[in-house]
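Everything below concerns the one structure shown next.
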2 protein chains.
Amino acid sequence: MTDTDNNYPPERKRGSGVKMVYDILRDEILDLVLPPGSPIDEVQLAERFKLSRTPIREALVRLAGEGLIDTLPNRSTMVSNIDFLNLHTFFEALVLMYRVTTRLAAQNHRPEDLPVIRGFHEDYAAAVQSRDALAMIATNAAFHAAIAEAGRNPYFTSLFRRLLDEGRRILRLYYQSYEEQFPQRFVDEHAEIIAAIEARDVEAADRLGKAHAEQIVEQVQKLFTRNNKLDIDL
Amino acid sequence: MTDTDNNYPPERKRGSGVKMVYDILRDEILDLVLPPGSPIDEVQLAERFKLSRTPIREALVRLAGEGLIDTLPNRSTMVSNIDFLNLHTFFEALVLMYRVTTRLAAQNHRPEDLPVIRGFHEDYAAAVQSRDALAMIATNAAFHAAIAEAGRNPYFTSLFRRLLDEGRRILRLYYQSYEEQFPQRFVDEHAEIIAAIEARDVEAADRLGKAHAEQIVEQVQKLFTRNNKLDIDL
DNA sequence: TGTATTTTTCTTGTCGACAAATAAAATACA
DNA sequence: TGTATTTTATTTGTCGACAAGAAAAATACA
C-alpha cells in the first residue's frame with residue numbers, strides 16, 4: 001500500500017455508491033426479484049454491497065420518493081405493494097399519458113430521436129422473437145420512454161416513466177403467473193406508432209397511442225379477472 | 001441527567017429529523033427565501049438545525065427527487081433554477097392537469113371533500129382581501145391540490161402537486177418584481193369551480209379548469225414579456 | 001393453555017470522524 | 001500583468017459507533 005492508495009475498492013469510485021445501490025435495487029424491484037411487500041433490511045444490504053449503511057439509506061430515500069418502497073420512521077422498510085383495488089386510476093393515467101407522449105413526439109421529435117426509438121423497437125422485436133419475457137417487458141418500457149423523451153415535456157415524461165415502471169411490475173406478475181405470450185401484434189403496433197411519429201401525424205399518433213394503451217389495459221385486466229375467478233372458486 | 005434521559009432535545013423526537021428539515025427547506029424554496037441557483041451547504045444547515053449532516057443529506061435527497069434542488073456527486077448542491085426557456089412545457093402540462101384534476105373532482109368527489117376545498121377557498125379569499133401575496137400564492141396551490149385529491153387519482157395528483165409547487169415559485173418571483181395585484185376575479189372563478197364540482201358537472205368543471213389555468217398562464221407570460229422588453233431597451 | 005409482562009435481540013436514526021474531491025488562495029514564472 | 005502551478009481550505013461521501021424504538025423470545029401467572 002502506497003500513500004496514494006485510496007479507500008475505495010478499485011472498481012468503485014467515491015460518490016458512486018448511492019447510485020449503484022439505487023440502480024440495482026430499482027431493477028430488482030421492477031423485475032420482481034424483490035416482490036411487492038418484501039422487507040428491506042439495511043444491515044443485510046450493507047453487507048451485500050460492502051458499503052456502510054449511510055449510502056444504502058440514501059438510495060432507499062430515492063426509491064421511496066419514486067413510490068417503489070414504503071418507509072415509516074423507526075420501522076422496517078418494504079417494497080411497495082401494487083394497489084390492485086385501485087388499478088383503474090393507473091389505467092386512467094396510463095391511457096392519457098400514452099396519448100399525450102405519443103402525440104407530443106409526433107409534434108416535437110428531432111433527427112436524433114428516431115434512431116434511438118428504432119433501436120429500442122428492434123430490441124423489443126428481438127425479445128419477442130426469442131421469447132424472453134423480462135427483456136420484452138423492459139424494452140417495451142424503454143421504447144415508450146424514448147418516445148416520451150422525443151416529446152420534450154419533462155413533466156409528462158417523468159409521470160409516464162413512473163407509470164411505465166409500475167406497468168413493468170404488473171406485467172412481470174402477469175408473465176410469472178400465466179402461460180407466456182409473445183404477441184407479434186405489439187411489434188407491428190410499435191412500427192405503426194413510429195411511422196406516425198416520423199410523419200408528424202399528430203392525430204394518428206394520438207389514436208395509435210390510445211389504442212395501444214387500451215390493449216395493455218385489457219391484458220392486465222385479464223390478470224385481475226382471472227384472480228377474481230380463482231378466489232370465488234375457493 | 002438521569003439514566004432515562006434521551007439524547008434528543010425535548011422538542012424533537014427520534015425519527016423526526018429528516019422530515020423537519022425537508023419541510024422547512026421545501027417551504028423556503030417555494031417561498032423563494034432560498035432563491036433559484038442559491039447554494040446549499042450541508043455544514044451550515046447542520047449547524048442551523050442542530051443536527052448532524054446525515055439527516056440533512058437525507059432531506060436533500062428527498063428534495064432532489066422532487067426537482068427542487070440539483071445535486072451532482074462531489075459537488076455543491078443548489079436550489080434548482082426555473083427553466084424560463086422551456087416555460088411552454090410547464091404551461092402545457094399545467095393546463096392539461098388543471099383540466100384533468102378539476103374534471104375528476106367533479107366525477108369522484110366525496111362528502112368529506114367539499115368542506116376541505118371550501119376551507120382553502122376561504123383562506124384564499126382572506127389572503128386576497130388582506131393583500132398578503134405569500135398567503136395568496138400558497139392557499140391557491142392548496143385549494144387546487146385539494147381539488148386534485150378529491151379526483152382520487154394519485155398519479156395525476158402527484159404530477160399536479162409538482163406543477164403547483166413550481167407555479168408557486170414562478171408566482172412568487174412575479175409578485176416580488178411587480179406591483180402586487182390581488183384580483184377578486186380569481187376568487188370568483190374558484191367559487192364557480194366549486195359549484196361545478198358540487199353539481200358533478202364534469203364538462204363545466206373541465207371548461208372552468210382550463211379557463212382558469214389559461215388565466216394563470218397569461219399572468220406568468222406577462223412576467224416573461226416584460227423582461228424581454230426591458231432587455232431590448234438597453 | 002392462553003395471556004400478560006419482562007427481557008433480549010434486532011433494526012433504525014443519528015452522531016462525529018476520516019479522507020477524497022473540489023474550490024479558493026497563494027506562489028511562481030514569463 | 002496574466003497565466004500556470006502549488007498549496008491550503010472547504011465541502012462532500014462514507015465510515016463505524018452509539019442508542020432509541022420495535023420486534024421477537026422468554027418468563028410468569030391465572
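To find a chain, count down the sequence lines: A is the first, B the second, and so on, and within it residues start at 1. No hydrogens, no waters, no symmetry mates; every other heavy atom, side chains included, goes into these values.
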* Residues touching DNA chain D, which here means a heavy atom under 4.0 Å, drawn from residues 53-62 of chain A ->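 Going residue by residue through residues 53-62 of chain A, the ones with a heavy atom under 4.0 Å of DNA chain D turn out to be A:Arg53, A:Thr54, A:Pro55.
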
* **Closest-nucleotide 5' rank along DNA chain D - winner of A:Arg75 and B:Ser76** =>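 Looking at DNA chain D, the more 5' nearest nucleotide goes with B:Ser76.
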
* Select from A:Leu51 and A:Pro73 the residue whose nearest nucleotide in DNA chain D is closer to the 5' end of that strand. =>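 It is A:Leu51, whose closest nucleotide lies nearer the 5' terminus.
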
Could you state the [atom1]-[atom2] distance from [X] to [N], rounded to the nearest angstrom?
X	N	atom1	atom2	answer
B:Asn74	D:dT12	CG	C1'	6 Å
B:Glu42	C:dT14	CD	P	15 Å
B:Phe49	C:dC15	CZ	P	13 Å
B:Asp41	D:dT12	CG	C1'	10 Å
B:Ile69	D:dT12	CD1	P	11 Å
A:Met20	D:dG13	CE	P	15 Å
B:Leu45	C:dT14	CG	P	15 Å
A:Lys13	C:dA19	NZ	C1'	15 Å

* If you look at every strand shown and take non-hydrogen atoms under 4.0 Å, does B:Ser16 touch a base, only sugar-phosphate, or nothing? ->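 Sugar-phosphate only.
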
Side-chain donor-acceptor pair under 3.5 Å between [X] and [Y], yes or no?
X	Y	result
B:Arg169	B:Ser80	yes
B:Asn140	B:His190	yes
A:Glu166	B:Tyr155	yes

* Non-hydrogen side-chain atoms of A:Asp165 and A:Ile29 separated by less than 4.5 Å ->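 Side chain of A:Asp165 against side chain of A:Ile29, heavy atoms only: no contact under 4.5 Å found.
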
* Is any side-chain heavy atom of A:Leu51 closer than 4.5 Å to a side-chain heavy atom of A:Arg12? ->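 Of all side-chain heavy-atom pairs linking A:Arg12 with A:Leu51, at least one is under 4.5 Å.
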
* Structure fact -> Dot-bracket assigned to DNA chain C with the 3.5 Å Watson-Crick/G-U criterion, [ ] for crossing and | for other-strand pairs, is ||||||||||||||||||||||||||||||

* Would you tell me if any nitrogen or oxygen in the side chain of B:Ser52 comes within less than 4.0 Å of OP1 or OP2 on C:dT14? =>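 For C:dT14, neither OP1 nor OP2 has a side-chain N or O of B:Ser52 closer than 4.0 Å.
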
* **Nucleotide nearest B:Arg14 when distance is taken to its side chain, options D:dA23, D:dA20, C:dA21** =>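 Closest nucleotide to the B:Arg14 side chain: D:dA20.
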
* **Nearest to side-chain heavy atoms of A:Arg12, which nucleotide of D:dG21, C:dT11, D:dT14** =>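 Out of D:dG21, C:dT11, D:dT14, the nucleotide with an atom closest to A:Arg12's side chain is D:dT14.
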
* Looking at B:Glu149 and B:Arg161, does any basic side-chain N land under 4.0 Å from a carboxylate oxygen? ->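 Salt bridge flag = yes for B:Arg161 with B:Glu149.
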
* Flag, side chain of A:Ser76 to backbone of A:Pro39, donor-acceptor distance under 3.5 Å ->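 No; zero donor-acceptor contacts below 3.5 Å.
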
* Is the backbone N or O of B:Ala148 less than 3.5 Å from a side-chain atom of B:Thr157, with the two atoms forming a donor-acceptor pair by type? ->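 Yes, the answer is positive, given that a donor and an acceptor are paired below the 3.5 Å cut-off.
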
* Specify the closest pair of heavy atoms between B:Arg172 and B:Asp31, including all atoms of both residues, with the distance to one decimal. =>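 Closest approach of B:Arg172 to B:Asp31: CG-O, 3.5 Å.
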
